[in-house]
Asker: 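My structure is below; once you've seen it, I'll send some questions.
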Amino acid sequence: MQIKNGCNNLLKFTGFHINMKINFLFQQSIFILFLQYSVIAQNCNEAVRYDFNDLSDWEDASQSDYNFNQISIVPDPTSNNGNNVLRLETDPTVVVTGQRLKMKTKLNCFGAGRYIWRVFIPVDAEREGEAAPFQIGDRASIGPFLFSGDPTNVNNFYELDFEVGSGTAGTAVDFGLQPPNDRLEFCAADNELLVFMTKHDNHPTESDTDTPPNTTKQLIKKGHWYLFEINLSLVKYQEKNRYFAKWIIDNKIIKTSLLSYGDEITFPIFCSVENLSFIGDHLPNQKSYAYYDYVEFIPHSITEIIDFDIEANKPALIHHWRLNEPGGELAHDSASFLPHTGRHEGNSIFNQTAPTENNLGRGVELTGGQIWVDSINFAAARLNTLTTNFTVSAWVNPNTVSNTNKINPVFGRDRRPFETFSRGWGFGLKGSEVFFYINNLNSTLPTETVSSGANILAGQWSHIAVTFSSERKAEFFVNGISIGKTETLAEINSSGFELFHGNWFIGWEVSDGTSFSTISGEHYLGKLADIRLYNYTLSSDEIKSILIDSDSDGLNDSWETPALGSCINRVLPSHDLDNDTTINLLEYAFGMNPKMNDSNQLPILGKTELQSKQYLSISYHKPNNVTNLKYELEVTTDLIKWENINKTIFVGSEEVMTGLTRLTFRSNDSIDDFPKQYMRVSINHINL
């Protein structure tokens, strides 16, 4: 947040969510100029913009019947600028199963480049007496997206899309299971919708009653125009040209993914409004509509395809299976780095109670089954050869720990120590200890190890973690406490295709190593939740942060749950419950009340005098129990380059009330010598 405080004094607070800094700017005036132009490409290597003066460059791609007036070109109803827009509308009276209205470009050869849609999300009914569109729980979606292939052919199906709609509200009938509630999970207000950013990456298709795999969600408000962008860069990875995709909303990157394919796949561009089952609880009783102002494609100039640097994405949470689905076959991977959704096999039960004190909600119970994440590509992060750092963690609640030889495998490669094709690693429990092993042939170094004195209890939730360093040494953690390190372990033989693709499992059955039969009881029996894999070695503080901040939004659960309830991801601008223009991350960081307008407690700029010279100063409150955030003081003279090293000096602190301290800093350079100065406090999660 930026606030002008008098002449040349600028105060800025910066919050974050994932890898995004959130800034607000109060400006004296804002001028926006829209330049109207229309360029029609003759081929897909040229820039093109469709302004919807007509539909001559588009064709119908709808998957349902509709009346002629449901797809139309109309004057922009939100402005008097003379623009025409594409209007798509579903009519609930036409078919009882819903409608899927889609338009696509006649050109279908678009590849690497920027795909931009300007879309209006309506909030009110168009005419008096009508019901407003996109009511809570409606199965209605606005979809700017790319699609290539045949949706009925699992080997020829590629899709990247935005789907904007209500999200489920927990009212759908789902065979006695607790129905999903996207809106509760994201604390959606009545005037907010969810954006589902999805990809189908040549994987088997699911029923449209299931949320698509590899989905990221984001809140937006009704009644606004938005720029939705999919940016496809062509990179080289493992000797193959691939697309690296970014999902961008209003110029902010929300999701990224390295795709399994590249420029051998090209796309037409789609605009849609349709009734999708996964995006709500029920078909709407009123029409749903949206306006598309323009669609634009800007090709990337490719003179050289650069190697994709997986290191550039470190550090990252690369896989995250919450295991909190209410039912179905899929276990969704919610990480955006290299997500991979698993499938349930055998006996597993969703909707088990996970540790409520850590706000996890639901878990899964395995009673002889497993979750299969075959072909997960750990080579992408070099985790398959144990040549880099990583951390794996999970919440566990085993049925029994009495047998010290009993393996409760949580995550890893299937354990067949004598099979040449089974090389990898895994972790879990052995009796009451944390267990880590390496599958390898003919090694003179230890291939498995257990913690000492872990004392995991049966029928009770515990958090376990193993960090592994590139020196092949492991460290064990139970409930955030380190319980010991290991000696050097064997390295994995780097030969063999199985290292790049193989059978990775959650709670898998363990082979006896001489056949494909399983050792009796050698599979996880009990409850699991929140399995995470990071591509770096977490510190002990970061592991503790998983326990105290289970949704990784920067807000301590001990503060967040009592203050804001049981839903997650409350650091977005729209989660300003008291309307004091301060997001909840800053309310937490500065000891404020998220339900009370107390913006007078925000940091204050001032001046301090020293040896007849004046210095710019800043004072802010910091709760003593906030340990998962870092505070940085930054200074700039041009509002472009901000610096924090040797630019500020600590002045003093004062305890203003129990547990709350006011800290004061000043700039290193005097105002007399540098009259144009600005200061800000930057707030970031320690994981960044």
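Just so it is clear, the structure is predicted and the values come from calculations on it, not from any experiment.
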Asker: Are side-chain N/O atoms of H463 and D530 paired as donor and acceptor at under 3.5 Å?
Answerer: no

Asker: Please find out if less than 6.0 Å separates the ring center of W225 from that of F120.
Answerer: yes

Asker: Pick out which of F427, F468, F476 makes a ring-ring contact (aromatic ring centres under 6.0 Å, His included) with F436.
Answerer: F468

Asker: Going by ring-ring contact (aromatic ring centres under 6.0 Å, His included), F390 matches just one of W425, Y534, F411. Which one?
Answerer: W425

Asker: Hey, does the side chain of N668 reach the backbone of T648 with a donor-acceptor pair shorter than 3.5 angstrom?
Answerer: no

Asker: Is there a donor in the side chain of E655 and an acceptor in the side chain of T661, or the other way round, less than 3.5 Å apart?
Answerer: no

Asker: Using 0.5 Å steps for rounding, measure from the NZ atom of K613 to the OH atom of Y615.
Answerer: 5.5 Å

Asker: Is there a donor-acceptor contact under 3.5 Å from the side chain of R242 to the main chain of S233?
Answerer: no

Asker: Under 3.5 Å, is there a donor on one side chain and an acceptor on the other for D541 and S539?
Answerer: no

Asker: Taking atom types as modelled and ignoring hydrogens, do the side chains of T664 and S619 form a donor-acceptor contact shorter than 3.5 angstrom?
Answerer: yes

Asker: Under 3.5 Å, is there a donor-acceptor pair linking the side chains of D250 and Y226?
Answerer: no

Asker: To the nearest 0.5 Å, tell me how far L605 CG sits from L616 CG.
Answerer: 5.5 Å

Asker: Can E475 and S482 be counted as having a side-chain donor-acceptor contact under 3.5 angstrom?
Answerer: yes

Asker: With distance as the sole criterion, is a donor-acceptor pair present between the side chains of T637 and K676 under 3.5 Å?
Answerer: no

Asker: Would you find a donor on one side and an acceptor on the other, under 3.5 Å apart, between the side chain of T391 and the backbone of Y536?
Answerer: yes

